[in-house]
There are 2 protein chains.
Amino acid sequence: MATRTDAPTRREQILKEAARLFAERGFHGVGVDEIGAAVGISGPGLYRHFAGKDAMLAELLVGISGQLLTGAKRRLAEAGEVPAPEAVLDSLIEGHIDFALDDRPLITLHDRELDRLRDSDRKLVRQLQRQYVELWVEVVRALYPGLAEPTARSAVHSVFGLLNSTPHLARPGALPGRATTAGLLHRMARGAFAAAGATSAG
Amino acid sequence: MATRTDAPTRREQILKEAARLFAERGFHGVGVDEIGAAVGISGPGLYRHFAGKDAMLAELLVGISGQLLTGAKRRLAEAGEVPAPEAVLDSLIEGHIDFALDDRPLITLHDRELDRLRDSDRKLVRQLQRQYVELWVEVVRALYPGLAEPTARSAVHSVFGLLNSTPHLARPGALPGRATTAGLLHRMARGAFAAAGATSAG
DNA sequence: CCTCCAGGTTAACGACCGCTAACCTCCCTG
DNA sequence: CAGGGAGGTTAGCGGTCGTTAACCTGGAGG
């Protein structure tokens, strides 16, 4: 992860604030004037950077899905030729937790405002999401071979629900410390998968 | 659970359809005309039954929170004088899963549109939610005494995220069967709690 | 120094939305 | 059978919102 040192562009500022506002009050609940005000310009000035309000949401959601998928692919590749399923799953979980903890507004948008997109954008996002899920499913099934595919997919979605619950955990800083929270979530995710893979043939 | 046999009142029809629409497209994304159309009357006819669009959302959210809390209290009481923590936790999990599977739109609204409420209603809903969470926290800590309270609370929220993920699992009927799904979710929830309670002192 | 464009501004338009007003029509009741 | 309330209807108002139009300005380039 190459850490950015240069200042964020105006486009990036806008996207960040829009994400926060959309997550807080919903896509329809936020006006363009508010988004503009959040970055110090006013309403219609946004149209110098984006084609419209929809375009901001689209770019956010496509970006999220793409980042998640790209990161997961990278982690899978880094695992080497004959990866240990446990290590790969740990790596996937870690990546998802990082994302959920560092970009809470985005993780909130990700499964909440998808239906507000134009058809083509929505299809793209869904495709990226599906690839991401399938990637997890394969790793989970490698670790728990007894799991049928639909069951594994349900389990993956459920663990996403668990990991994505962080926005509900408290106002900004009330968590017991980032590392502690990450550790707890990680252990719980592993525990949930283990329970899914253990008893039943699915 | 006394099963209803009489026909639903118009109010109930409206609430049900409103819940579905709010869950699908967000509170601000649904117009009163659409809600009316969904029950066969048109727009302003709704105002014979509700003071306004906000009132529908308020009644839905207060109802959900109340039902969850009431059900949980009942299950706790049914457990008897010196309850086995395991059995109580299983009962709580079962109740929450029933709710998540049977009233998907409501479970979606429950953690998504809370901020659209008037102050007084929002406070009431939050209070009910908090009581529900605290009830779970006590049971979890009885079962895993090593868990510190904040950790237990985080764990409970995370398991809610897991259980509430059902709306994302698939379109209407694509699940492997209700009982199977319920069983999977139940095992995963228990596994997640076990993992939270096992390793760390939290 | 003139030009021009990137990136702002304000004004205003058209659409939509929540809600009210005014009216109608059963159906129940005394 | 008169009366009235419950539960609809349509028309329309007032406000908001996304978007466009028209205009302004500072700074870079020839």
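Here is how names work: the chains are called A, B, and so on, in the same order as the sequence lines, proteins then strands, and each is numbered from 1.
- Looking at residues 53-61 of chain A, you'll see that no heavy atom sits under 4.0 Å from any atom of DNA chain C.
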Please tabulate, for side-chain N and O atoms in residues 55-72 of chain A, each donor-acceptor pair with protein atoms closer than 3.5 Å (sequence neighbours left out).
residue, atom, partner, partner atom, Å
A:Glu59, OE1, A:Arg11, NH2, 2.5
A:Glu59, OE2, A:Arg11, NH2, 2.5
A:Ser65, OG, A:Leu61, O, 2.8
A:Thr70, OG1, A:Gly66, O, 2.7

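- Checking side-chain atoms of B:Lys16 against main-chain N and O of B:Pro8 turns up no donor-acceptor pair under 3.5 Å.
- In this pair, A:His96 and A:Trp136 present their aromatic rings perpendicular. The plane angle is above 60°, beyond the 30 to 60° band.
- A straight line from CG of B:Leu21 to P of C:dC17 spans 13 Å, rounded to a whole angstrom.
- At distances below 3.5 Å, not a single donor-acceptor pair connects side-chain atoms of B:Arg116 with backbone N or O atoms of B:Gly26.
- Nucleotides of DNA chain D nearest to B:Arg10 and A:Gly31 differ in position, and the one nearer the 5' end is that of B:Arg10.
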* Run the side-chain contact (heavy atoms from CB on, under 4.5 Å) check on B:Ile93 and B:Ile97 step by step: do they pass? -> CA-CA 6 Å; B:Ile93 292 172; B:Ile97 289 177; 3.7 Å; yes

* I would like to know whether A:Leu92 and A:Leu135 meet side-chain contact (heavy atoms from CB on, under 4.5 Å); could you show each step before the answer? => CA-CA 10 Å; A:Leu92 288 181; A:Leu135 202 145; 4.0 Å; yes

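- Fit an axis to the five pairs at each end of the helix from C:dC1-D:dG30 to C:dG30-D:dC1 and the two axes sit 0° apart, to the nearest 10 degrees.
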* Please assess B:Arg10 against B:Arg48 for the test side-chain contact (heavy atoms from CB on, under 4.5 Å), listing each intermediate value before the final yes or no. => CA-CA 10 Å; B:Arg10 175 115 296 180; B:Arg48 300 288 167 194; over 6 Å; no

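- In this structure, B:Arg122 contributes its side chain and B:Leu117 its backbone to a donor-acceptor pair below 3.5 Å.
- In this structure, the side chain of A:Arg141 engages the main chain of A:Leu147 through a donor-acceptor pair within 3.5 Å.
- Contact annotation: the side chain of A:Val137 approaches that of A:Val133 to within less than 4.5 Å [non-hydrogen atoms, C-beta and beyond].
- Every ring pair (Phe, Tyr, Trp, His ring centres under 6.0 Å) that A:Phe27 has, sequence neighbours left out, goes to A:Phe22.
- Along DNA chain D, read 5' to 3', the first and last nucleotides having any atom under 4.0 Å from a heavy atom of chain A are D:dG18 to D:dC23.
- Put simply, the side chain of A:Thr108 gets close to the backbone of A:Arg104: a donor and an acceptor are under 3.5 Å apart.
- B:Ser158 contributes a side-chain N or O that, together with a main-chain N or O of B:Ser154, makes up a donor-acceptor pair within less than 3.5 Å.
- Across all strands shown, B:Val30 has heavy atoms under 4.0 Å from sugar-phosphate atoms exclusively, and none from any base.
- Residues of residues 40-49 of chain B having a heavy atom closer than 4.0 Å to DNA chain D, listed by number: B:Ile41, B:Ser42, B:Pro44, B:Gly45, B:Arg48, B:His49.
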